[in-house]
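Structure first, commentary second.
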Amino acid sequence: MTLLLVYGWAKGCPQSSLASMASVSKSLIFFLLSTLSIFPTHPHPLDPLTPAEFTKVQSIVNNSYPKSNHSVAFHYVGLEEPDKTAILSWLEGSATKTPPRQAFIIARINQSTHEIIADLPGHKIISDEVYGGYGYPVLTFEEQIAANAMPFKYTPFLESIRKRGLKVEEVVCTSFAIGWYGEQRRNRRVVRVLCNYLDGSVNLYMRPIEGITVTVDLEEMKILGFVDRSTVPVPKADGTDYRESSQELPFGSLLKGISIRQSDGPTFTIDGHTIRWDNWDFHLSFDARAGPIISLASIFDLQKQKFRTVLYQGFLSEVFVPYMDLNEEWYYRVFFDAGEYGYGLCAVPLEPLRDCPENAVFMDAYVADHNGTPVNMPNIFCIFERYAGDVMWRHTETAIPDKVIREVRPEVTLVVRMVSTVGNYDYINDWEFKQSGSIKVTVGLTGLLEVRGSMYTHTDQIKEEAYGTLLAENTLGANHDHFFTYHLDLDVDGDANSFVRSQLRTTPVADDLSPRKSYWRVVSETAKTESDARIKLGEAQGDLLVVNPNKRTDMGNVIGYRLIPGSAAAPLLSDDDYPQIRGAFTKYNLWITPYNKSEKWAGGLFVDQSRGDDTLARWSLRDREIKNTDIVLWYTLGFHHVPYQEDFPVMTTLSSGFELRPANFFESNPVLKVKPRQPDNRTD
């Protein structure tokens with residue numbers, strides 16, 4: 001089924017307008033009632049909730065809190081995952097019954113935050129706790145849309161727009177979380193609404209209306225404050241439009257067509273949410289907060305003739321984006337894209353042949369809206385086999401007399417892709433599986449910069465701190481960071497694992513043993529507690545490994561997987577700066593914690609206006625034992641973004657990532673016997 005969504009603006013996540021959402025909801029309910037039989041019973045306990053289950057959750061909560069005398073808003077609805085032991089027993093076939101099918105709901109009920117667990121088969125609530133700590137749940141699209149509309153009913157705002165000579169009908173407003181800056185008392189659930197200008201361009205982010213701030217109470221949906229602090233020119237529309245249809249001569253050269261096709265169909269199979277490709281088997285799910293969740297990834301060992309576990313679960317836990325501009329309308333622009341806005345909620349439909357190649361297969365996802373009604377998100381994932389001319393391994397041997405031996409194996413991989421558009425940024429998320437046993441995770445940053453309007457038309461005019469780069473007339477691109485923190489529950493050939501840091505140490509040569517004066521050697525240390533495994537990349541050279549100390553290769557080496565890091569940027573904010581207190585989980589690039597089902601979100605469960613008291617950094621202070629037990633690796637990939645003129649008006653993709661690569665996991669090269677890729681048989 002395809003749903004037509006009319007997009008509005010929150011912090012920028014694409015979303016349905018309230019009017020169209022109501023229409024969608026009615027259509028979807030009819031669809032569910034008429035086609036429920038097409039949804040099978042759940043063959044897998046980690047499958048995401050179906051539309052029918054979302055509807056059941058809505059019914060369970062509304063029955064307990066009738067809307068006749070309760071205000072109820074659904075901020076998160078997702079699978080309440082069964083305990084890990086139950087999943088593993090189910091996989092092994094030793095479980096006496098299927099793990100329970102439950103949902104986890106975060107709802108605002110009568111202006112209190114409820115954490116609810118619902119039993120779906122039993123159609124009842126089995127746990128309902130009111131959260132009393134600091135922080136609030138993910139903002140919903142509907143409340144952001146309503147907040148964005150408030151200024152247009154407010155006379156002082158309309159007067160401020162008119163005095164700038166702007167057309168009210170060309171103004172677009174967006175909502176911003178306010179963060180926390182040391183306030184002792186608890187703030188209400190509020191957002192600050194800031195506005196941009198169209199009038200000749202769809203690139204609203206390049207045309208900010210500076211100086212105007214509207215503060216809106218989300219619970220009562222009323223304006224609490226209005227400031228018109230200053231007036232600076234709105235940047236010109238010329239040269240800001242990025243649409244293909246709006247471009248004028250001269251154009252860049254036209255490349256000849258490149259076709260990626262598989263006339264015999266894909267090599268992979270999809271059974272529900274389980275994907276099998278070559279020697280890999282894994283489960284793909286969708287979460288409104290995290291986006292893609294990869295679970296139960298195991299690889300077939302050709303020599304041992306069995307599947308071996310690698311990754312119990314991996315997902316993006318948080319995205320921390322602090323901006324460096326200290327102006328009144330900017331200092332609080334510190335975003336937690338997963339915890340405040342929902343990284344999965346901001347996922348957008350992928351465009352065939354542009355976002356994904358022609359051999360891609362697409363999958364939909366579902367989320368709950370503000371009222372708990374299921375909403376279809378079409379083409380959220382694409383899965384495809386990638387061949388880009390890369391070489392998996394090769395060798396040419398010329399040392400044998402009268403012979404030239406050449407062996408080459410092209411590299412074909414399987415990619416799972418999702419794009420999340422959070423405000424001005426588009427994040428391209430790839431999970432890539434290699435025949436060699438590696439899992440490569442990549443994130444690409446593209447989209448539009450967040451810019452500040454200014455008086456400057458040339459850099460020679462700038463005499464004070466500008467907090468960024470002058471990209472065009474009156475247009476300052478703000479300096480900022482991106483930190484992506486991943487939750488990686490590695491189960492390397494079992495769940496009893498350890499973390500080993502193998503450092504490369506320069507060693508002097510003594511006693512004239514060699515003409516050489518030095519060499520390096522590997523010194524390995526196994527972390528005993530959490531404090532042993534906090535690592536800032538760049539401080540020392542070496543390998544970072546998760547090993548199974550209970551299993552060895554035939555040669556006696558401990559089997560494992562190693563993390564090959566990507567961009568190693570670290571936060572430059574002081575530890576006592578309020579954004580960094582909330583984002584303290586980025587202080588180290590790598591953390592190891594013992595597995596704990598409740599520890600999923602590096603920034604805490606309730607991030608909006610949080611105070612940093614429920615983060616990975618706090619959990620780790622317990623300094624728990626992590627040796628030869630079930631452990632989780634947390635890895636933070638960072639970017640420091642100094643804008644350049646090539647980023648205007650739209651940014652080309654900047655990518656980085658990391659790789660999980662076998663380290664004595666196999667007895668020898670696992671792709672030695674891989675047959676070369678076969679040419680496509682299609683002749684048209």
Side-chain angles (χ1 to χ4, degrees), residues 44 46 260 262 265-286 290-302 304 306-316 350 356-357 359-363 380-393 409-419 428-444 486-493 546 560-566 633 635 637 655-663 665-666 669-677:
H44 202 294
L46 292 180
I260 303 173
Q262 294 173 289
T267 310
F268 62 88
T269 61
I270 301 176
D271 180 10
H273 289 267
T274 298
I275 299 175
R276 299 180 179 89
W277 173 76
D278 193 64
N279 49 353
W280 280 103
D281 186 302
F282 62 92
H283 184 274
L284 170 64
S285 185
F286 174 84
I293 296 180
I294 303 293
S295 301
L296 306 175
S298 60
I299 189 166
F300 187 76
D301 188 325
L302 189 64
K304 296 182 181 296
K306 67 176 184 179
F307 277 96
R308 301 170 66 191
T309 60
V310 176
L311 180 71
Y312 178 77
Q313 194 167 82
F315 56 88
L316 181 61
L350 298 172
C356 310
N359 63 329
V361 173
F362 294 82
M363 292 177 65
I380 289 302
F381 294 130
C382 71
I383 302 101
F384 59 92
E385 289 166 279
R386 170 188 280 158
Y387 173 62
D390 296 325
V391 175
M392 181 163 59
W393 67 263
R409 298 294 183 272
E411 181 157 72
V412 179
T413 63
L414 182 73
V415 177
V416 175
R417 174 170 295 168
M418 188 198 84
V419 173
I428 305 164
N429 306 270
D430 284 358
W431 287 77
E432 184 175 8
F433 295 82
K434 300 188 176 188
Q435 292 175 290
S436 60
S438 286
I439 302 174
K440 186 176 180 180
V441 182
T442 306
V443 60
Y486 289 85
H487 173 286
L488 303 167
D489 182 5
L490 286 155
D491 280 4
V492 179
D493 219 14
V546 174
Y561 259 72
R562 62 182 170 125
L563 170 73
I564 301 178
L633 186 155
Y635 172 66
L637 172 74
S655 298
S656 189
F658 62 92
E659 185 173 341
L660 300 172
R661 188 179 179 95
F665 187 83
F666 298 103
N669 186 342
V671 289
L672 177 66
K673 298 182 181 181
V674 167
K675 295 182 179 180
R677 182 181 69 93

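- Between His44 and His283, the ring center distance clears the sub-6.0 Å criterion.
- The CG atom of Leu316 lies 12.0 Å from the CD1 atom of Ile294; values are rounded to the nearest 0.5 Å.
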Q) After noting the C-alpha distance and the side-chain angles of Phe286 and Ile293, does the key distance pass the side-chain contact (heavy atoms from CB on, under 4.5 Å) rule? A) CA-CA 6 Å; Phe286 174 84; Ile293 296 180; over 6 Å; no
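- Between Leu284 and Val416, some side-chain heavy-atom pair lies under the 4.5 Å cut-off.
- Counting only distance, with no hydrogens or angles, the side chain of Asp271 and the backbone of Thr274 share no donor-acceptor pair below 3.5 Å.
- Two residues are said to be in side-chain contact when any heavy atoms from C-beta on lie closer than 4.5 Å; Arg409 and Val671 fail this criterion.
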(Q) Could you go through Leu488 and Phe658, starting from their C-alpha distance and side-chain angles, then the distance that decides it, and tell me whether this counts as side-chain contact (heavy atoms from CB on, under 4.5 Å)? (A) CA-CA 12 Å; Leu488 303 167; Phe658 62 92; 3.7 Å; yes
Q) Taking it one step at a time, do Gln262 and Asn359 satisfy side chain to side chain donor-acceptor pair (under 3.5 Å)? A) CA-CA 6 Å; Gln262 294 173 289; Asn359 63 329; 3.2 Å; yes
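- Summarising the geometry of Gly657 relative to Tyr635, their closest heavy-atom pair is O-OH, 4.4 Å, with the distance given to 0.1 Å.
- Remark: side-chain polar atoms of Thr309 are not paired, donor with acceptor, to backbone N or O of Ser298 under 3.5 angstrom.
- The backbone N or O of Met418 lies less than 3.5 Å from a partner atom in the side chain of Asn429, making a donor-acceptor pair.
- Closest of all the heavy-atom pairs between Leu672 and Trp393 is O-CZ2, 4.0 Å.
- In summary, the side chains of Trp277 and Glu385 do present a donor paired with an acceptor at a separation below 3.5 Å, with no hydrogens or angles considered.
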Q. When you look at Ile270 and Ile383, which way does the side-chain contact (heavy atoms from CB on, under 4.5 Å) test go after all the steps?
A. CA-CA 10 Å; Ile270 301 176; Ile383 302 101; 4.2 Å; yes
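- For Arg661, the salt bridge (Lys or Arg N to Asp or Glu O under 4.0 Å) criterion is met by Glu659, not counting sequence neighbours.
- With sequence neighbours left out, Glu432 forms a salt bridge (Lys or Arg N to Asp or Glu O under 4.0 Å) with Arg386.
- For the pair Arg276 and Phe268, the NZ or CZ position fails the cation-pi test of under 6.0 Å to the six-membered ring centre and within 45 degrees of the ring normal.
- A heavy-atom distance below 4.5 Å is not found between the side chains of Ser295 and Tyr312.
- Between the side chain of Arg562 and the main chain of Leu660, no donor-acceptor pair closer than 3.5 Å is present.
- Inter-residue side-chain proximity for Ser436 and Pro662 is flagged as unmet; no heavy-atom pair is nearer than 4.5 Å.
- The ring of Phe282 has its center closer than 6.0 angstrom to the ring center of Phe433.
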Q: Decide yes or no on side chain to side chain donor-acceptor pair (under 3.5 Å) for Gln435 and Trp280, but give the supporting numbers first.
A: CA-CA 8 Å; Gln435 292 175 290; Trp280 280 103; over 6 Å; no
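- When side chains are defined from C-beta on, Leu350 counts as touching Val419, because their heavy atoms get closer than 4.5 Å.
- Gly560 and Val492 make their closest contact through CA-CG1, 3.8 Å (heavy atoms, listed as atom of the first residue, atom of the second, distance).
- Side-chain atoms of Arg417 do not come within 3.5 Å of backbone N or O of Phe384 as any donor-acceptor pair.
- Using a distance-only test at 3.5 Å, with no hydrogens or angles considered, a donor-acceptor pair links the side chain of Tyr561 to the main chain of Gly437.
- Taking the six-membered ring wherever Trp is involved, the centroid distance between the rings of Phe315 and Tyr486 does not fall below 6.0 Å.
- For the atom pair Met392 CE and Asn669 CG, the distance stands at 8.0 Å (nearest 0.5 Å).
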Q) How far apart are the C-alpha atoms of Leu46 and Ser285, what are their side-chain angles, what is the distance that settles it, and do they pass the side-chain contact (heavy atoms from CB on, under 4.5 Å) test? A) CA-CA 7 Å; Leu46 292 180; Ser285 185; 5.9 Å; no
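- Expressed to the nearest 0.5 Å, how far OG1 of Thr413 lies from OH of Tyr387 amounts to 11.5 Å.
- Residues Phe307 and Asp301 form no side-chain contact, since every pair of their non-hydrogen atoms from C-beta on lies 4.5 Å or further apart.
- Counting heavy atoms from C-beta on, the side chains of Leu302 and Lys673 come closer than 4.5 Å.
- By the 4.5 Å heavy-atom criterion applied to side chains, Thr442 and Ser655 are counted as neighbours.
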